[in-house]
Protein chains: 2
Amino acid sequence: MTKCGEATGPVTMQSVAKAAGVSPMTVSNTFKYPERVQEETRRRVREVAAELGYIPNHVAGNLASGQSRVIGAVIPSIKNSSFYKYVRGMQDAAAETGYELVLKLADTKRQETAAIRTFIGLRVAGMTLVGNEHEDQAADLLRKTGVPVVEAWVHRDPLDMAVGYSAAAATRAMVDHLAAAGRRRMGFIGYAGDVASRYTERLPAFEERMRQHGLDPGLCHLADEADGFGAGPKALDALHRMDGSIDALLCPTDIVAAGVLFECGRRGWSVPERLAVAGWGDYEIASEISPQITTVQPNAYEMGRTAIDMVVARAAGLESGTRLTDTGFEIIARASTAAGME
Amino acid sequence: MTKCGEATGPVTMQSVAKAAGVSPMTVSNTFKYPERVQEETRRRVREVAAELGYIPNHVAGNLASGQSRVIGAVIPSIKNSSFYKYVRGMQDAAAETGYELVLKLADTKRQETAAIRTFIGLRVAGMTLVGNEHEDQAADLLRKTGVPVVEAWVHRDPLDMAVGYSAAAATRAMVDHLAAAGRRRMGFIGYAGDVASRYTERLPAFEERMRQHGLDPGLCHLADEADGFGAGPKALDALHRMDGSIDALLCPTDIVAAGVLFECGRRGWSVPERLAVAGWGDYEIASEISPQITTVQPNAYEMGRTAIDMVVARAAGLESGTRLTDTGFEIIARASTAAGME
DNA sequence: TTTTGATTTTGTAGCGCTACAATGGCAGAG
DNA sequence: CTCTGCCATTGTAGCGCTACAAAATCAAAA
């Protein structure tokens, strides 16, 4: 029975308590520890709260309890569909454990630091970051405050905790795959400039593995990360000039690989006969384009889930939690790297 | 001069005040209203705060002031690169106006409602949503709390405020563009099922405009939104069966258009000679694929900026703010729809 | 020197909620 | 009929900060 017409100021726990004829603590308990409140009382409080349109003020709750149910995730970009799956994994895991996930985008290290500062200011229960390269200031902040933090997409030297897979291992696996398909003159496309370690790890692994196969690891080209599809044609051009007999190409992303495929089309090169093309990241385009692109599937969803589980475990006080989780990867072999002779 | 070794409990405003020999209010003002504090004092407070590693607790600040510098954005997905630009626009505008933008992903209406509830629980200063179709419960919540909220990507019937462009106008412009290029048998691909109005607006506009041109508007196919690239081949197949002389195709996204291009490649159809293909959304792939795809460029970045500006204006108490902003669109004409006879 | 007015600083009183200890009520044991 | 033990419920205090008004400071004017 709502009395209509009365001034509807902000509905507070106090007002719900008064309307339900109980103390504020009972209202609080009804929402936070329902088992502490008798069924009958609980039902009535819930009813009154719903009628009044009460929404608990988590800001006040956080302040009073010193605890938060919010986890902040900093992500470098959302252009990459792998990150989409990563975020989905985090979202699902958070929902299942009763936490809220909020995101902040940060394209640069400086923005990452700002995002971390914001999240700390909001006193989140924990955070997830991408990569393990941060500004000193950011690392200090995290260490000093001791918030649970998981670095995803890396699997070494965690600030606190980390979850990821070995880009080096994936690179080796891809070289093995191409070698098994009979390729010999493999080219490698990397990224130039100040890029994340999940990219820089790859070239040394490529060179090492090529040597182990007795192959020449010198066919490398560094592309501009901002180029997207466009990096493909440029890189193919450069590498083909270096060695006209190049017969395989490892690309940093499926997007670049698709760019290479478009360029092959223009040149009239058939893939995989003339050139085998390998991508990275299991983007949607890799399975839709013709020929379909062989790729590294990084288990992004699983990684996201694990990241949140680690944060939650630490936030819940389980100090024994794992500091490092390897969620692995998978080489998805497709037409773009099929063996030359069937 | 930090006294080392002492128990470093959480650094609060109180402790900074004590260490700097001023009252807590002076510390508060130093950060919130620097001009109220004398230069000398301000400098000292800042110094001490930095030394102690003080990070203002915005949770407490929000509670005390009843105000927040956080804006929540609910986005339906991050797969679409237009949303990326939209988010970037929001991020930049928020940073410039001194607000913090946090994101929540919501693929479904139910998740959207949950996200809205979370943001309200966090007492954000305002929110942005995508689209104008929400659960009744969500609309109630927003109305009742009166938080400033902007619906983006739509330009009608705002809950509170809205920013977007007319998908119908863009559809008409695209039909005109194709007609001007000499196309007569145009096919339309839409999305089946319960999709957002920014999609459903298009078909009626297509049909109406086709009739105005004296053309047959019957060549329509509804695809599955989840199909991505894969929708292209399916739709082309269906429409070609309906009318073998189909000479143009309006796709719901550049992704679908790219899928159509792949399928044309398989069939040996040349684009645009045999079939003109138009996309939507100005995805990266549209300008990278060959031939480049004509598309609708929705000014997503601008839209994001405007959304935040509207929220901020309302949050700052300027009730006179605009309720509805049209950020327009642009038809980017490319090779995929070039006139048949040059 | 006293007064005035502007500027800078400081108490006071909460914001809405939750931890904790304490209360009240009520069953069954003595 | 009292006492113990247990549960449901309730005050009390305070989380860290800010709005507001009051107080202190100080230079210039009278």
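By convention in this document, chain letters (A, B, ...) are assigned in the order of the sequence lines, proteins followed by strands, and residues within each chain are numbered from 1. All figures in this text were calculated on a predicted structure; none of them were measured in a lab.
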Kindly compute the distance separating [atom1] ([X]) from [atom2] ([Y]), expressed to the nearest 0.5 Å.
X       : Y       : atom1 : atom2 : value
K109(B) : H134(B) : NZ    : NE2   : 6.5 Å
L324(A) : M310(A) : CG    : CE    : 7.0 Å
K104(A) : F119(A) : NZ    : CZ    : 6.5 Å
L141(A) : I55(B)  : CG    : CD1   : 4.0 Å

Next item on the list: Would you check if the side chain of R123(A) reaches a backbone N or O of I120(A) as a donor-acceptor pair within less than 3.5 Å?
Entry: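 Indeed, once roles are kept as given, a pair shorter than 3.5 Å links the two residues.
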Margin query: Looking at D160(B) and V149(B), would you say the former's side chain and the latter's main chain have a donor-acceptor pair under 3.5 Å?
Written below: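 Yes, the answer is positive, given that a donor and an acceptor are paired below the 3.5 Å cut-off.
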Next item on the list: Please work out which residues in residues 116-125 of chain A have a non-hydrogen atom less than 4.0 Å from an atom of DNA chain C and list them by number.
Entry: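 None, since no heavy atom is under 4.0 Å.
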Distance, rounded to the nearest Å, where [X] contributes [atom1] and [N] contributes [atom2]:
X      : N       : atom1 : atom2 : result
K18(B) : dG16(D) : NZ    : C1'   : 14 Å
N62(A) : dC15(C) : CG    : C1'   : 14 Å
E40(B) : dT25(D) : CD    : C1'   : 16 Å
I55(B) : dG16(D) : CD1   : P     : 14 Å
L63(A) : dC15(D) : CG    : C1'   : 4 Å
R69(A) : dC17(C) : CZ    : P     : 18 Å
Q67(A) : dA19(C) : CD    : C1'   : 10 Å
F31(A) : dT18(C) : CZ    : P     : 10 Å

Between [N] and [X], is there an OP1 or OP2 to side-chain N/O distance shorter than 4.0 Å?
X      : N       : result
K32(A) : dA19(C) : yes
Y33(A) : dA19(C) : yes
S28(A) : dC17(C) : no

Next item on the list: Report yes if the distance between the aromatic ring centroids of Y301(A) and Y84(A) is under 6.0 Å, otherwise no.
Entry: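 Ring centres of Y84(A) and Y301(A) not closer than 6.0 Å.
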Next item on the list: Heavy atoms under 4.0 Å is the rule here; annotate nucleotides 6-14 of chain C 5' to 3' with B where the base is hit, S where only the sugar-phosphate is, and - elsewhere.
Entry: --SBBB--B
Check: Among V311(B), D326(B), T327(B), whose side-chain contact (heavy atoms from CB on, under 4.5 Å) with T306(B) holds?
Finding: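 Testing each of V311(B), D326(B), T327(B) against T306(B), the sole residue satisfying side-chain contact (heavy atoms from CB on, under 4.5 Å) is T327(B).
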Notebook entry, point to check: Taking atom types as modelled and ignoring hydrogens, do the side chains of T118(B) and E100(A) form a donor-acceptor contact shorter than 3.5 angstrom?
Noted result: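 Judged by distance alone, the side chains do pair up.
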Margin query: Categorize G61(A) for me: base, sugar-phosphate, or nothing, with a 4.0 angstrom heavy-atom threshold over every strand shown.
Written below: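 Sugar-phosphate: the residue G61(A), judged by heavy atoms under 4.0 Å, touches backbone atoms but no base.
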